[in-house]
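Structure first, commentary second.
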Amino acid sequence: MEQMILTELEDAAGKENCSIREIDKIAHSVDYFWLSRMWSDRGMRMPEADYIVSPKNAAETSKVLQIANYYKIPVTTWGGGGGTQGGALPVAGGIVLNTKRMNQIEPVNTDSMYVECGTGAIYRHVEWAANEKGYATMHYPSSLNCSTVGGFLAHRGIGVVSTKYGKIDDMVLGMEVVLPNGDIIHTSPVPKHAAGPDLNQIFIGSEGTLGIMTKAQMRVYIQPEERRFRAFLFRNMTDAFRASKELLQQIKPSVMRLYDEAETASLIKKIVGVERKGAFMNIALEGVAEIVKIEEKLLLSTFSKYGAEDLGSEYGEKWWEERITFFYPGHMFDLPQMFGTMDTIATYSNIEKIYWAMKEAIETQFPMARYIAHFSHWYEWGCMIYDRFIVDHPPEDPLEAMRLHNQIWSTGVRTALAHGGVVNDHHGVGLKLGRLMKEQYGPAMQVFTGLKKQLDPNGILNPFKMGV
């Protein structure tokens with residue numbers, strides 16, 4: 001039967017775009033999820049797909065899904081493989097639908113300020129296409145060079161200038177989506193309207209469980225006339241939160257990054273060169289030069305009220321130059337260490353409580369772990385915390401390592417939930433955190449499961465992810 005299904009998939013997407021080779025199965029069984037990498041590092045095999053299929057467009061994707069629905073074969077969408085939550089892992093076998101052939105990038109629409117692209121396009125390539133016409137996407141996450149448009153949409157990703165320009169879901173005008181039964185739909189010609197719920201937002205963040213996004217219209221922006229940086233050192237994070245809240249009632253910087261004392265003393269010291277005790281914060285203001293001047297005056301006036309030491313522009317510019325270096329080998333945590341980023345988000349009344357509660361819970365219950373954090377995406381009502389745990393010497397036994405990893409995650413996320421946070425802010429839920437979705441939503445979880453049952457009654461799309 002395997003060969004019969006293979007020939008049908010080849011008929012749908014082309015023989016050269018379908019594989020059952022062992023090497024291809026292995027390559028699509030490990031992403032950047034720590035458990036999958038650890039498992040492979042210990043000489044174990046992760047669950048593998050039976051078929052790797054690479055359609056070039058929605059029409060071919062539709063044919064693949066019709067075949068999968070007929071045979072009730074699981075389908076897991078694969079973008080760049082850079083996700084940290086295990087969302088792309090084919091844990092139920094079946095088909096891995098690789099989107100990389102759907103990488104077309106259309107000319108920038110300079111009237112309506114968007115670029116239409118296939119969701120398999122690497123986002124850096126979309127940025128370059130915008131740059132050629134004098135524009136920018138303003139979506140600059142650390143994985144810009146290796147992750148796809150669809151990957152960011154699937155996990156509701158975010159970039160470093162989000163405080164001014166928003167998350168990926170703020171940057172989408174409309175999408176082409178293939179439903180589990182093979183129907184091809186278009187969400188809307190515009191992103192804002194009163195004609196029912198926003199269909200974009202049903203599929204963005206659904207991690208391939210409700211449909212497969214094949215095209216998207218992504219907003220572009222004019223390049224700022226000026227981008228000006230200013231770095232500060234706060235005595236404590238309470239003052240930093242108060243100053244930031246007041247600032248955001250007046251203006252919107254593009255970059256706002258506040259590092260706790262532990263991360264200031266480690267990564268900021270190592271990469272930016274700040275060797276001072278306190279909480280380091282970098283701010284970027286951008287846009288029309290005259291407006292930037294006014295915003296800088298408001299920034300300096302507001303922060304001085306809370307005792308922030310002005311470090312000038314040099315450290316901020318250094319941070320911008322090295323913003324991706326933080327995640328490169330030699331700077332980022334890596335095997336054999338155990339590590340994880342528990343990003344959550346909350347209102348100003350809760351965010352600092354979450355920080356201290358998570359720090360205490362993890363460092364008390366898991367004394368082998370270190371805990372560091374920064375706060376990197378800000379709103380008028382609150383901000384997100386990008387907090388990490390690091391275990392330098394995790395158990396060698398893979399089962400014991402998995403057990404410790406899951407215990408730390410459960411403790412950290414449950415602590416965030418207990419103090420007004422959420423399961424995740426922008427890395428997604430995937431396989432890693434699906435068990436905690438019901439704990440966040442309670443009876444509201446039936447909205448997700450209802451959508452899943454209606455759109456995907458055979459349960460073929462990305463099973464065992466997001467708690468559905």
Side-chain angles (χ1 to χ4, degrees), residues 25-42 44-50 52 73-99 143 147-148 150-157 180 203-212 335 338-344 388-389 394 398-414 416-417 422-441 445 448-449 452 456 459-468:
K25 293 179 181 180
I26 293 173
H28 291 85
S29 70
V30 178
D31 62 2
Y32 204 66
F33 178 29
W34 186 85
L35 280 182
S36 73
R37 297 179 65 220
M38 178 277 295
W39 204 251
S40 178
D41 184 65
R42 303 290 199 271
M44 314 287 281
R45 290 281 284 270
M46 286 291 293
E48 296 163 11
D50 301 296
I52 312 298
I73 302 171
V75 179
T76 304
T77 308
W78 186 281
T84 61
Q85 312 299 78
L89 298 179
V91 293
I95 298 168
V96 158
L97 193 143
N98 190 319
T99 65
S143 57
S147 292
T148 62
F152 291 126
L153 291 170
H155 296 92
R156 207 176 287 272
F203 296 100
I204 296 172
S206 66
E207 302 187 21
T209 61
L210 301 179
I212 296 177
L335 293 173
M338 176 188 293
F339 54 90
T341 300
M342 300 177 176
D343 52 305
T344 190
R388 299 179 177 128
F389 70 87
L399 285 174
E400 286 302 314
M402 178 188 293
R403 182 172 289 113
L404 176 61
H405 175 272
N406 288 347
Q407 286 174 340
I408 296 176
W409 270 98
S410 293
T411 297
V413 175
R414 282 175 176 147
L417 292 176
V422 294
V423 168
N424 196 262
D425 176 68
H426 64 266
H427 287 114
V429 175
L431 180 65
K432 180 191 287 183
L433 301 175
R435 66 188 181 280
L436 298 168
M437 286 287 280
K438 292 182 178 65
E439 295 187 23
Q440 175 178 322
Y441 285 103
M445 192 69 188
F448 295 102
T449 56
K452 177 70 172 176
D456 186 16
I460 64 167
L461 283 190
N462 213 2
F464 307 115
K465 310 294 173 59
M466 292 195 69
V468 295

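What you are looking at is a predicted structure, and each value in this text was computed from that prediction instead of being measured. Heavy atoms only: backbone and side chains are in, while hydrogens, waters and symmetry mates are out.
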* Less than 4.5 Å apart, any side-chain heavy atom of Met402 and any of Asn406? ->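 Contact flag for Met402/Asn406 side chains = yes.
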* Heavy-atom check, side chain of Phe389 versus side chain of Met342, under 4.5 Å ->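 Phe389 reaches Met342 side chain to side chain.
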Report the residues that fulfil side chain to side chain donor-acceptor pair (under 3.5 Å) with [X], sequence neighbours left out, ordered by chain and then residue number.
X: Ser410; answer: Arg435
X: Glu439; answer: Arg414
X: Asn98; answer: His28
X: Ser29; answer: none

Please identify each residue that fulfils side-chain contact (heavy atoms from CB on, under 4.5 Å) with [X], with sequence neighbours left out.
X: Thr411; result: Ala361, Gln365, Phe366, Thr415
X: Phe33; result: Asp31, Leu35, Ser36, Leu89, His405, Leu431, Lys432
X: Ala416; result: Thr344, Ile354, Met358

For [X], check salt bridge (charged side-chain N to carboxylate O under 4.0 Å, His left out) against everything at least two apart and list the hits.
X: Lys25; value: none
X: Asp343; value: none
X: Arg42; value: none

* State which residues pass ring-ring contact (aromatic ring centres under 6.0 Å, His included) with Phe464; sequence neighbours excluded, sorted by chain then number. =>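 Expected list: none.
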Atom pairs and distances, donor-acceptor, side-chain atoms in residues 75-84, under 3.5 Å, two or more places apart:
none

